[in-house]
J.: 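I have a structure I would like to understand better, so I am pasting it below and will then ask my questions one at a time.
Order of the sequence lines fixes the chain letters, A, B, ..., with proteins taken first and strands second; residue numbering starts at 1 for each chain.
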Protein chains: 2
Amino acid sequence: MNPLIHELFQKSRFLSNEVNNTLNQHGLYASQWSVLYCIQLHEEMTLTQIWKYLNVEAPTITRTVTRLSELGWVEIHPGKDRREKSVRLTEQALKDFPAIKTSMIEFEDRMVSSLSSEEEILLIKLLQKIK
Amino acid sequence: MNPLIHELFQKSRFLSNEVNNTLNQHGLYASQWSVLYCIQLHEEMTLTQIWKYLNVEAPTITRTVTRLSELGWVEIHPGKDRREKSVRLTEQALKDFPAIKTSMIEFEDRMVSSLSSEEEILLIKLLQKIK
DNA sequence: AAAGTTAATTTAACTAGGTAAACTAATCTC
DNA sequence: GAGATTAGTTTACCTAGTTAAATTAACTTT
């Protein structure tokens, strides 16, 4: 395997394990957090808006949102268009959100702390060139 | 989500989809190929050697190797130590291997073609700094 | 207004990763 | 040599991504 692609996969797996470890104390998984986070950014989103925003396929979001709803993080209600489902955070989720966000920011800072801010920007730019 | 971590996850998902598309014509998935590839490098490997080499957990390799065996890519036989299982490529796999490798090298070259070789090396180095 | 098409979501089935715990063979310790 | 520990593998059960096909509501066309 090409060393760059190999390293990228290794790091992605490493980071997603680390994200899960960090979120574990809050009873969340990485993908659940990413959904909560983007809903919170937009206050309210339909499933289609979520999967387009996160750049994954629709069934992934159906499943994660269903689970988040079972766990009491989000509430789902029909949109104007009766085909679509609109999702927003519950009271409890809104209350817990800041503490989780703090944990995550702390974690993310620790993860990139070995890079200077120039290196971080450069790394993002180089990654964006792959397409 | 931190933009660097976000971009890394996005690229990892993008690349693994692309690898799967490339391998599709050979009837393989990305993780199956990575197992075949590392067995071929070492001629013969135990399950533990494989999962340590690929840096994933043991059950992942048990499952993938079982599937590869069902599909006729590898053969499994007991090692000296009767606890361990030794895996090597079948005749058929050895015959098909070069063509698949050619497809993959071509694919990998295309994927990193937007980077100069200096940029590629720099990108690897920056990724390695994350730990 | 009926028929056809498009859009939003879901279901089913697959790969691919993880943890926790069980099982069996090998090794260590006393 | 019996008992305890360690090592290799597996089983069970999660999350998390994919594609293909089904379902239902909305929109277009004629």
J.: With a non-hydrogen cut-off below 4.0 angstrom, is T48(A) in contact with a base, only sugar-phosphate, or nothing?
T.: sugar-phosphate
J.: Roughly how many Å is it from CG in L54(B) to P in dT15(C), rounded to a whole number?
T.: 18 Å
J.: Which listed nucleotide (dT10(C), dT15(C), dT10(D)) is nearest to the side chain of A58(A)?
T.: dT10(C)
J.: Measure CG/D81(B) against C1'/dA25(C) and give the value in whole Å, please.
T.: 7 Å
J.: Distance check needed: dT10(C) C1' versus I76(A) CD1, whole Å only.
T.: 12 Å
J.: If you fit an axis to the five pairs at each end of the helix from dA1(C)-dT30(D) to dC30(C)-dG1(D), how big is the angle between those two axes, to 10 degrees?
T.: 0°
J.: Run through E7(B), E119(B), E120(B) and flag the one making a salt bridge (Lys or Arg N to Asp or Glu O under 4.0 Å) with K129(A).
T.: E119(B)
J.: Output the rounded distance in Å from CZ (R67(B)) to C1' (dA13(C)).
T.: 12 Å
J.: From the set dT19(D), dT19(C), dT9(D), return the single nucleotide nearest to any side-chain atom of P59(A).
T.: dT19(D)
J.: Assign each of E84(B) and S34(A) to its nearest nucleotide of DNA chain D by heavy atoms, then name whichever residue's nucleotide is nearer the 5' end.
T.: E84(B)
J.: Starting from P on dG8(D), measure out to NZ on K80(B) and report it in whole angstrom.
T.: 15 Å
J.: Does a side-chain N or O of R63(B) approach OP1 or OP2 of dA16(C) to a distance below 4.0 Å, or not?
T.: no
J.: Is there a side-chain polar atom (N or O) of T60(B) under 4.0 Å from OP1 or OP2 of dG17(C)?
T.: no
J.: Please answer: with hydrophobic residues joined when any side-chain heavy atoms are less than 4.5 Å apart, are Y29(B) and I50(B) in the same cluster?
T.: no
J.: Does dG18(C) have its OP1 or OP2 closer than 4.0 Å to a side-chain nitrogen or oxygen of S16(A)?
T.: no
J.: Who passes salt bridge (Lys or Arg N to Asp or Glu O under 4.0 Å) against E75(B), sequence neighbours left out?
T.: R88(B)
J.: Return the nearest nucleotide to the side chain of L47(A); candidates are dA26(C), dA16(D), dT9(C).
T.: dT9(C)
J.: Given 3.5 Å as the limit, does a donor-acceptor pair link the side chain of Q25(B) with the main chain of T22(B), or not?
T.: yes
J.: Nearest to the side chain of Y29(A) - dT15(D), dG17(D), dT9(D)?
T.: dT15(D)
J.: Take atom CD1 of I61(B) and atom P of dT9(D), then tell me their distance rounded to the nearest Å.
T.: 11 Å
J.: Which nucleotide in the set dT19(D), dT10(D), dT15(D) lies at the smallest distance from any side-chain heavy atom of K85(B)?
T.: dT10(D)
J.: Want to settle it: does K52(A) or R13(A) sit nearer the 5' end of DNA chain C, counting the closest nucleotide to each?
T.: K52(A)
J.: Return yes if some donor-acceptor pair links the side-chain N/O of T102(A) with the main-chain N/O of P98(A) below 3.5 Å, else return no.
T.: yes
J.: Could you tell me the separation between the CD atom of Q10(B) and the C1' atom of dA16(D), rounded to a whole number of Å?
T.: 14 Å
J.: Tell me whether the side-chain N or O atoms of R83(B) pair up with the base of dA7(D) as donor and acceptor below 3.5 Å, since no angle test is needed here.
T.: yes
J.: Looking at T66(A) and T62(A), would you say the former's side chain and the latter's main chain have a donor-acceptor pair under 3.5 Å?
T.: yes
J.: Run the ring-centre check on F97(B) versus W33(B) and record whether the distance is less than 6.0 Å.
T.: yes
J.: Hey, is the main chain of T46(A) close enough, under 3.5 Å, to the side chain of S86(A) for a donor-acceptor pair?
T.: no
J.: Is any side-chain N or O of R82(B) closer than 4.0 Å to OP1 or OP2 of dT24(C)?
T.: no
J.: Give the nucleotide from the list dT18(D), dG17(C), dT9(C) with an atom nearest to the side chain of V56(A).
T.: dT18(D)
J.: When you measure from the side chain of N17(B), which nucleotide among dT6(C), dA16(C), dT18(D) comes out closest?
T.: dT18(D)
J.: Atom OH of Y53(A) and atom P of dA8(C): how far apart are they, to the nearest Å?
T.: 19 Å
